[in-house]
Each structure stands twice: as C-alpha cells, then as structure tokens.
Amino acid sequence: MEPQTGLPAAQEGENSGLVEHLSELRKQLIKSVAVFLLFFLAAFSTINVWFPYITRGYKLIILSPMEVISFYTTLSAALAFGLSVPFLCHFLWQFVKPGLNEKESRFLSLYSPAILLLFAVGVAFGYYVVNPLSYKFLVSLGEMNFDVMVSAQEYARFLLLTTMPIGLLFELPVVALFLSAIGILTSGSMKKVRKWSYVVLGIISALITPPDFLSQLIILIPMIGLYEASIFLVMKTEKRLQAADAA
C-alpha cells in the first residue's frame, strides 16, 4: 500500500511545531527560574546589608518566630524579581518573537528599554514618595487613639503594595503606543474618553493604594499626567506616520 498523504502529514507537521514551541517555552522558563533563584539567593544572603534601607529605621515587631523567615523571604523575593525583570523580559522576547508580525516585532524591540525604564521609575516613585508619605500619615492617624505597633509581615505587604503596582501603572504610555501601533487606539478616541479614563484611573489608584485620600491623590496626579503624555505621544506618532505616507 502507498503511504498516506495530506491531512495526516499536516497534522504531523502541526504536532511537530507544537512540540518545538513547548520545548522553547520550557527552555525560557528554566532560564527565567534560574535567574530568579540566583538573585533570590544573593538577596537573601546579603539581607543585613540592604535591610536598613527597606525598613527606613521604623520599629517593627514580629508575632512569631516563623514571621522572621516569612518577612525575609518576601522581601528577598520582591528584590530578586525587580532585579530579574530585564532578564525575564529578554527571555519572554526570545519566546514570542517568532510569532509576531513585523510591526509588533519592531515596536517591542524599539520600546523594550522604555518599558524597563518606566517600570523602574514607577517603583522608585512608590518607594521614595508614596510609601513614606502614606506610612507616616497612617501611623500618625493611628497614634491619635491607639498604641501603634507595626508587624514586619504587614510592613512588607504595605511596602509591596506601594511599589510594584505603581511600576506597572507607569507602563501606560507604552501600552497606549502599542495599541496605537496595531490600530486599536487613536489620539482622538483617547480624548473622547478622557473624563471616563480619569474615573477609571481614580478607581485603580484607590484599589492599589492604602485606604487614605493622600495616597490615592499622590498616585492619581501622575497617572493623569501619564495619560496626557500618552495622548501626546500617540498624536506625534500619528503625525509622523501621516507625513511618511504623504512622502
């Protein structure tokens, strides 16, 4: 009998492509985990060096012996993740690059440095501005009627809440440029929904910050600034593309 051709061969090719795709995913995941673990071990082993910068000299308490390990592990993991972000983005880029079209590939390769820079600026803004102001405000508010004692674990959660989400929010201009590059978003549509966008940003700032008006306002103001900057950048990109088309 003659060997079968057609659909079975196509299915075999698809299966081979899927296996190769999963193998590449596994490879990038292994490298990502290895880099994260390397930074985690380095952070955990040097915790006494950077610990004072994290706690800012605040008097913290622990409620159980295991809370010490939990506190050290949480902070070390957060620091390791922050240091690993450039490498993780590179590994992710290596995985998704073959599946992107020319426009998407060109956009990501061009704006990858901006993505990392905006994330770092957002985390720094949270650490140097939002975190200390929110912490002092909330503690002073509690001291009016209570003896305030902050546990190490709760402080770690508060620190992460006032840094990591803000770093992600600072990616707004890059997200807007990407949606504009693939034809989903325009500067005109952003202007039309400006008021509703402000409402959404206000809700997001309330969800990711401690429940006090000061923290929410500190986040909302730069978010509005980033939204307006996004409109400006998208508009400049549209004008540049129109000029190129005309030429």
Side-chain angles (χ1 to χ4, degrees), residues 21 24 28 32 81-131 133 161-209 213-247:
H21 195 65
E24 180 64 21
Q28 301 302 334
S32 299
F81 175 77
L83 295 174
S84 302
V85 164
F87 299 92
L88 300 180
C89 290
H90 175 72
F91 298 149
L92 178 62
W93 166 251
Q94 293 297 319
F95 174 69
V96 302
K97 185 178 179 180
L100 299 177
N101 59 41
E102 182 181 356
K103 182 181 292 186
E104 295 168 344
S105 178
R106 185 170 63 250
F107 178 90
L108 290 179
S109 61
L110 181 63
Y111 287 97
S112 292
I115 294 173
L116 298 177
L117 179 61
L118 286 174
F119 178 78
V121 171
V123 171
F125 178 77
Y127 177 77
Y128 288 106
V129 179
V130 179
N131 178 267
L133 290 178
L161 182 65
T162 53
T163 52
M164 291 298 182
I166 298 174
L168 296 176
L169 280 179
F170 268 61
E171 303 288 354
L172 178 61
V174 177
V175 173
L177 285 173
F178 178 73
L179 294 178
S180 173
I182 60 178
I184 296 179
L185 196 66
T186 64
S187 60
S189 62
M190 293 184 70
K191 291 178 182 178
K192 289 181 181 179
V193 298
R194 177 185 274 128
K195 294 181 179 179
W196 290 106
S197 299
Y198 289 173
V199 173
V200 173
L201 290 175
I203 295 174
I204 294 176
S205 65
L207 292 175
I208 68 170
T209 55
F213 177 75
L214 178 62
S215 301
Q216 296 169 10
L217 187 62
I218 292 174
I219 292 295
L220 182 58
I221 291 175
M223 286 300 99
I224 291 176
L226 287 172
Y227 186 83
E228 294 299 328
S230 301
I231 294 178
F232 175 77
L233 291 174
V234 170
M235 190 165 23
K236 294 290 287 185
T237 302
E238 291 173 346
K239 290 181 179 179
R240 187 171 65 249
L241 291 176
Q242 290 175 358
D245 291 339

For Y127, which residues count as a ring pair (Phe, Tyr, Trp, His ring centres under 6.0 Å) partner, sequence neighbours excluded? none
Contacts of F87 that satisfy ring pair (Phe, Tyr, Trp, His ring centres under 6.0 Å) - sequence neighbours left out: F39
Qualifying salt bridge (charged side-chain N to carboxylate O under 4.0 Å, His left out) pairs, either residue in residues 221-233, two or more places apart: R194-E228
Not counting sequence neighbours, list each pair that qualifies as a salt bridge (charged side-chain N to carboxylate O under 4.0 Å, His left out) and has a residue in residues 171-193. none
I'd like to check the side chain to side chain contact (heavy atoms under 4.5 Å, CB included) partners of [X]; sequence neighbours left out, ordered by chain and number.
| X | answer |
| --- | --- |
| L117 | V121 |
| L168 | F119 |
| L172 | L226, Y227, S230 |
| V200 | I204 |

For A176 and V234, the nearest pair of non-hydrogen atoms, with its separation, is O-CG2, 3.9 Å
Considering all heavy atoms, the nearest L233-P173 contact: CD1-CB, 4.1 Å
Residues forming a side chain to side chain donor-acceptor pair (under 3.5 Å) with T237, sequence neighbours excluded: none
Please report, to 0.1 Å, the donor-acceptor pairs under 3.5 Å made by any side chain of residues 181-188, with sequence neighbours excluded.
unit_1: T186; atom_1: OG1; unit_2: S189; atom_2: N; d: 3.1
unit_1: T186; atom_1: OG1; unit_2: S189; atom_2: OG; d: 3.2
unit_1: S187; atom_1: OG; unit_2: E238; atom_2: OE1; d: 2.7

Minimum side-chain heavy-atom gap V123-I166 below 4.5 Å: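 No. Closest side-chain heavy atoms not under 4.5 Å.
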Spacing of L118 atom CG and L169 atom CG [to the nearest 0.5 Å]: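 Rounded to the nearest 0.5 Å, the CG-CG separation comes to 11.5 Å.
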What distance do I231 atom CD1 and S180 atom OG have between them, rounded to the nearest 0.5 Å?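 One gets 12.0 Å once the value is rounded to the nearest 0.5 Å.
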Tell me, with the steps shown, if L220 and Y198 meet side chain to side chain contact (heavy atoms under 4.5 Å, CB included). CA-CA 8 Å; L220 182 58; Y198 289 173; 6.0 Å; no
Using a 6.0 Å cut-off, check whether atom OH of Y128 has over 12 heavy atoms from anything other than its own residue.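 Open: at most 12 neighbouring heavy atoms sit under 6.0 Å from OH of Y128.
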